[in-house]
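Starting from 1, each residue takes its place in the sequence as its number. Because only heavy atoms are used, hydrogens play no part in the values below, and waters and symmetry mates are left out as well, while side chains stay in. For clarity, every value in this text was computed on a predicted model and none was experimentally measured.
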Amino acid sequence: MKGLWIYGCTLVAFFLIGCTRQKIVEIPLKYHSSFPKDVDVKMEKIPVSPKTESTWEMRVLGDRMLLATSEMDNSDYKYAMFELPGMKFIGYVGSRSEFARGTMVAQGKDELYLMHKDGMDVYRLVGETLQKVSSLGLIDGDYPAMHKLDVNRWVYGNDHRSDGLCDFYIYDSSDESVRGCGVYPNVHDRRQFKDVKAFKSAYAHGTRVKPDGSRVVVFYNATRRYRIYDNEGALLYDGMMDYSNPSSALLVSPDRNQLVWHYESAFATDKYIYLLCMDRVMSSNSYNNPNVQVIDWAGKPIARFRLDAYITAFHVDEDKGEFYGASATNPGIVFAFGIASLLK
């Protein structure tokens, strides 16, 4: 047994050394139990025609909204495109055969990034068509979604398919180098899991980049925890929303029947981080309406919007003061509400 314990510690040390080179600075975990503004929101229901059956993916480029379609919706194109505001249908864009080669689509300010086995393609709207404008070869195309940090550097999360126990990676296309940043929370807890893959799956997380490229946020699915890093990978803030009904565990259970799914997705602006929080007990067949938690880049909670409908995808336009949401459980509907007055 002692030999196994030493092996486990050695294995953790190997993963940590292998995935990061910067000095790890300890930041105390900051608990928050409330929001300065806690608002029940009644969203407007905007009918969408033609009706899309698969609205798990919502992208906004300028004044155009792109909703992902299923092959049942349209066998030739990936997205149905609508004009904002009003959701007037413009047409279909994005060849399905071209996008089918990809494993993940991420969004930049005016671009879409399609990850595939050979690298990444960059798309922009040119007129009313979605066109590939450049490509980037990667060391390994099997990446989670990548987010642009600056002209050469890209951020992507460390999931169960990747090596190491760092929170995320920074890929530099100028020299094709990859650098791990941060460390998974509760690494000492990994011995409760059958292997490292199971531990990393339990602490699955996503990343987003502040549009000005100065910050990275990491948010966790099975615990209401979020971390804010600078653009060199130094941890600046470690926070957790600690309220009940349901509560959020600091240590994620190896038993999937006890898991509670919290942060589903996020949207980042230069001012705020918007976290879509599901608070769903995984062993239950019921789906509660989610809430959107607004946090500033210093880690301070700003507001919580309790939504009156179930959504799984969303977009925030702070300049126009609009929030948009959609879900496959509500096909043919886009939800919207004004956020400007709620954030004053």
Trainee: Nearest heavy-atom pair of M58 and G325: which atoms, and what distance?
Mentor: CE-C, 3.6 Å
Trainee: Quick check for you: to the nearest 0.5 Å, what is the distance between S33 atom OG and M241 atom CE?
Mentor: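 Output value for this atom pair is 7.0 Å.
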Trainee: Under 6.0 Å between the ring centres of Y229 and F168?
Mentor: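 Yes - the distance between ring centres of Y229 and F168 falls below the 6.0 Å cut-off.
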Trainee: Would you say the side-chain atoms of R96 pair up with the backbone N or O of T69, donor to acceptor, closer than 3.5 Å?
Mentor: yes
Trainee: Fit a plane to each ring of Y220 and H205, take the angle between them on a 0 to 90° scale, and name the class: parallel (under 30°), tilted (30 to 60°) or perpendicular (over 60°).
Mentor: tilted
Trainee: Taking the six-membered ring for Trp, are Y184 and F199 parallel (under 30°), tilted (30 to 60°) or perpendicular (over 60°)?
Mentor: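 It falls in the tilted class, 30° to 60°.
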Trainee: Identify the heavy atoms of V252 and A202 that sit nearest to each other, and give their distance.
Mentor: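 Looking at all heavy atoms of both residues, the closest pair is CG1-O, 3.6 Å.
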Trainee: K271 and D296: side chain to side chain contact (heavy atoms under 4.5 Å, CB included), yes or no, with the steps?
Mentor: CA-CA 6 Å; K271 194 171 184 179; D296 68 17; over 6 Å; no
Trainee: Roughly how far, to the nearest 0.5 Å, is CD1 of I333 from CD of E44?
Mentor: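 It is 10.0 Å, given to the nearest 0.5 Å.
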Trainee: Verify, without hydrogens or angle tests, whether D317 (side chain) and G321 (backbone) share a donor-acceptor contact under 3.5 angstrom.
Mentor: no
Trainee: Return the CZ to OH distance between F219 and Y274, rounded to the nearest 0.5 Å.
Mentor: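 Here the rounded value is 15.5 Å.
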Trainee: Give a yes or no on whether the backbone of Q131 and the side-chain of T129 come within a donor-acceptor separation of less than 3.5 Å.
Mentor: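 It does not hold such a pair.
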Trainee: Does any N or O in the side chain of D230 come within less than 3.5 Å of the main-chain N or O of G233, such that one atom is a donor and the other an acceptor?
Mentor: yes
Trainee: Please report the shortest heavy-atom distance between P290 and A309, naming the atom on each side.
Mentor: CD-O, 3.5 Å
Trainee: Taking only residues two or more places apart in sequence, or in another chain, which ones meet E111 in a side chain to side chain contact (heavy atoms under 4.5 Å, CB included)?
Mentor: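 Result, side chain to side chain contact (heavy atoms under 4.5 Å, CB included) vs E111: Y113, V122, R124, K148.
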Trainee: Taking NZ, NE, NH1 and NH2 as the nitrogens, is one of them in K78 or E98 under 4.0 Å from a carboxylate oxygen of the other?
Mentor: no
Trainee: Any salt bridge between R224 and D279, counting N to O under 4.0 Å?
Mentor: yes
Trainee: How far apart are the closest heavy atoms of G164 and N158, and which atoms are they?
Mentor: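 G164 and N158 have their closest heavy atoms at O-ND2, 3.1 Å.
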Trainee: Tell me, please, which residues at least two apart from R59 pass salt bridge (charged side-chain N to carboxylate O under 4.0 Å, His left out).
Mentor: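 R59 satisfies salt bridge (charged side-chain N to carboxylate O under 4.0 Å, His left out) with E57 only.
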Trainee: Give every donor-acceptor pair under 3.5 Å between a side-chain atom in residues 297-308 and any protein atom, sequence neighbours left out.
Mentor:
unit_1	atom_1	unit_2	atom_2	d
W297	NE1	T269	O	2.8
R304	NE	D38	OD1	3.0
R304	NE	D38	OD2	3.4
R304	NH2	D38	OD2	2.6
R306	NE	D38	OD1	3.2
R306	NH2	D38	OD2	3.1
D308	OD1	M43	N	3.3
D308	OD2	M43	N	3.4

Trainee: Is any side-chain heavy atom of V316 less than 4.5 Å from a side-chain heavy atom of I339?
Mentor: yes
Trainee: Would you please say whether a donor-acceptor pair under 3.5 Å links the side chains of S177 and D175?
Mentor: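 Yes - a donor-acceptor pair under 3.5 Å links their side chains.
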Trainee: Checking K200 now: which residues fulfil salt bridge (charged side-chain N to carboxylate O under 4.0 Å, His left out) with it, not counting sequence neighbours?
Mentor: none
Trainee: Have D121 and S135 got a donor and an acceptor in their side chains that come within less than 3.5 Å?
Mentor: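 D121 vs S135: donor-acceptor pair found between side chains.
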Trainee: Pair I27, L236 - check side chain to side chain contact (heavy atoms under 4.5 Å, CB included), show working.
Mentor: CA-CA 7 Å; I27 298 290; L236 303 177; over 6 Å; no
Trainee: To the closest 0.5 Å, what do you measure between CH2 (W261) and CE (M278)?
Mentor: 10.0 Å
Trainee: What about V133 and M115, same hydrophobic cluster or not, with Ile/Leu/Val/Met/Phe/Trp/Tyr joined at side-chain heavy-atom distances under 4.5 Å?
Mentor: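 Shared cluster, yes.
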Trainee: Does NZ or CZ of R225 fall inside the cone over Y203's six-membered ring, less than 6.0 Å from its centre and within 45° of the axis?
Mentor: no
Trainee: Are V294 and I273 side-chain neighbours, meaning at least one heavy-atom pair lies under 4.5 Å?
Mentor: no
Trainee: CG/D172 to CH2/W154 distance, rounded to the nearest 0.5 angstrom?
Mentor: 12.0 Å
Trainee: Indicate yes or no: at least one non-hydrogen side-chain atom of C181 is less than 4.5 angstrom from one of R179.
Mentor: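 In short, these two side chains touch, coming nearer than 4.5 Å.
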Trainee: May I ask you to decide whether R227 forms a salt bridge with D238, counting only side-chain N to carboxylate O separations under 4.0 Å?
Mentor: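 A salt bridge is present here (some side-chain N lies under 4.0 Å from a carboxylate O).
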Trainee: For the residue pair Y263 and Y226, is the inter-centroid distance of their aromatic rings smaller than 6.0 Å?
Mentor: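 No; Y226 has its ring centre 6.0 Å or more from that of Y263.
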Trainee: Checking F82 now: which residues fulfil ring-ring contact (aromatic ring centres under 6.0 Å, His included) with it, not counting sequence neighbours?
Mentor: F89
Trainee: Let me confirm one number: the OH-CG distance from Y123 to L61, rounded to the nearest 0.5 Å.
Mentor: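 Result: 13.0 Å between the selected atoms.
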Trainee: If you look at every heavy atom in I170 and N231, which pair is closest and at what distance?
Mentor: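 Closest pair (atom of I170, atom of N231, distance): CD1-O, 3.8 Å.
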Trainee: Could you check whether F267 and H315 have their ring centres less than 6.0 Å apart?
Mentor: yes
Trainee: Considering non-hydrogen atoms only, spot the tightest contact between I46 and A336 and give its length.
Mentor: CD1-CB, 3.9 Å
Trainee: Would you find a donor on one side and an acceptor on the other, under 3.5 Å apart, between the side chain of N330 and the backbone of Y310?
Mentor: yes
Trainee: Is a side-chain N or O of S253 found less than 3.5 angstrom from the main chain of L259, in a donor-acceptor match?
Mentor: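 Side chain of S253 to backbone of L259: no pair is present.
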Trainee: What salt bridge (Lys or Arg N to Asp or Glu O under 4.0 Å) pairs are there with at least one residue in residues 318-334, not counting sequence neighbours?
Mentor: none
Trainee: Any chance you could lay out the side chain to side chain contact (heavy atoms under 4.5 Å, CB included) test for Y156 and T207, step after step, and finish with the verdict?
Mentor: CA-CA 7 Å; Y156 64 98; T207 58; 5.5 Å; no
Trainee: Assess whether a salt bridge exists between K210 and D270, defined as any Lys/Arg side-chain N lying under 4.0 Å from an Asp/Glu carboxylate O.
Mentor: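 The answer is no: the pair does not qualify as a salt bridge.
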Trainee: Taking R208 for the side chain and H147 for the main chain, is one N or O donor matched with an acceptor at less than 3.5 Å?
Mentor: no
Trainee: Is there a side-chain contact between V48 and P331, using heavy atoms and a 4.5 Å cut-off?
Mentor: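 When only atoms from C-beta onward are counted, P331 and V48 do not touch, as no gap falls below 4.5 Å.
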Trainee: Before giving the answer on salt bridge (Lys or Arg N to Asp or Glu O under 4.0 Å), spell out for R280 and E264 the whole-Å C-alpha distance, their side-chain angles and the decisive distance to 0.1 Å.
Mentor: CA-CA 10 Å; R280 181 196 166 202; E264 169 81 13; over 6 Å; no
Trainee: Walk me through it: do M65 and M81 pass the test side chain to side chain contact (heavy atoms under 4.5 Å, CB included)?
Mentor: CA-CA 6 Å; M65 178 181 287; M81 184 166 66; over 6 Å; no
